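Reviewing the structure listed below.
Values reported hereafter were calculated over all heavy atoms of this structure, with side chains retained and with hydrogens, waters and symmetry mates removed. We number each residue from 1, following the sequence as shown. Every number for a ligand or one of its atoms is a count from 1 in the order of the listing. Remember, predicted model here, so these are calculated numbers, not experimental data.
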Amino acid sequence: MLALETQKAFDAYESIRHRLPSASFPKNATTLSHVEILFEHVDGFFLDAFGVLNVGTGAIEGAKKFIETLHKAKKPFFILSNSASMPKAYLLAFFHSVGLPFDASQVITSREVLWRVFDPHSKPSWGVIAQQEQALEQTFSHAFAPDEAFWNSDAFLFLGSVSWNETLQKRWIESLHVKAKPIWIANPDITAPRGEGIYSKEPGFYTLLSDDALFEQMSFVGKPFNTIFEYALQRAHQEWGISKERILMVGDTLHTDILGGCAAGVKTMLLEDYGFFAHQNVDPFIDQSGIIPHFRLKNYETLFHS
Ligand SMILES: [Mg+2]
C-alpha cells in the first residue's frame, strides 16, 4: 500500500475513462443548503462508506446525525461499498465499533455482489489476492498470493491489496503476458482516502490501469460498474417500492459514485470535504472530467444549519 495524491488518482481515472461506463449528467449541480431540500427530490438513499461515513478507521463527524435524520424522516437507505477485502461481517463490526450500528440487510458490498455473479467452478483453480486469514465465503479450489500454487492458478480473484506490492505486481503482470488468464476484481477503486492525506492503492490501481490485452481478460464488480447498482436497485424496488429516479447516490468520488450513479440512472450527490476531494477545490475536477453530480454538499454541517 503506497500513497497516491488526489490529482494523480484523478488523472489515473481520467486516463482509463473509456473503460468506465458511459453516462449522461445534469447540466449543473445544485449546491445543497439544507437537508429538507434533498427530501423534496428523493425518497431512498445509496450511501458510499469510505469518505461518506468514515475516513480510515474513524467515523466522520455528522455522518451519524445524517443517518439518524434519514431514520426519522423514514427515508430508507443502503450502504453501497466497494469493500471487498473482508467478508461483510467484518465491515458490520467496524461500523458498529464507530457508532454506526447497521444491520446486514442495510449494507451491500461489492464482495457480496461478486459471490452472486462469480462462478468459481468456471476454472479449476483460482489465485486469490486478499488477506489469507480472512476465509472466503465460498468453497472452491484456490491458493492465496504469494504461495507457489498461486502463480500456477488458472484464473485470479483480486479482493484486496493490503498484502500486495510492486514486486508481486511486476511478477504477476509479466506472467499474465506470457499466459493470459481471466481475472475478477471485486474492488475497482484505484485509491481510497485513509485520512491525513494518505491514499492507498486499491485493486483497481493494479488492474484498471493495465494495458488493453490484460484488460480484456478482466471482470469488475463494484462501483462504477453496473452489477452492484443493478442489485441495489432491484432490492430498492422490491423492499422499498422506490424507483431509481427517486434514489440518491451519495459519494465522495466522481469516477465511482457519481459516474456509476448517473450511469445507473439514479440521482447523485458529491460530498466534498472528507474523502477523495478533502482539502481541495472540487470545481476544476468537475470541469475537467465533465462528471457533474445532481447535488453538491460541502460537509454535513451545511446540511443541518438552521
Ligand atoms: Mg468513497
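- Vertex the Mg ion (ligand 1); arms to Phe50 O and Asp48 OD2; angle rounded to 10 degrees, 90°.
- With salt bridges taken as basic N to acidic carboxylate O contacts below 4.0 Å, one links Asp43 and Lys75.
- Taking the six-membered ring where tryptophan is involved, the planes of Phe94 and Phe50 are essentially parallel, since the angle between them stays under 30° and well short of 60°.
- Taking 2.8 Å as the criterion, Asp257 does not count as a coordinating residue of the Mg ion (ligand 1), since none of its N, O or S atoms falls below it.
- Aromatic ring orientation, Phe95 versus Phe102: perpendicular (interplanar angle above 60°, classes split at 30° and 60°).
- Taking backbone and side-chain atoms together, Asp252 has an N/O/S atom less than 2.8 Å away from the Mg ion (ligand 1).
- With hydrogens and angles disregarded, a donor-acceptor distance shorter than 3.5 Å links the side chain of Arg246 to the backbone of His41.
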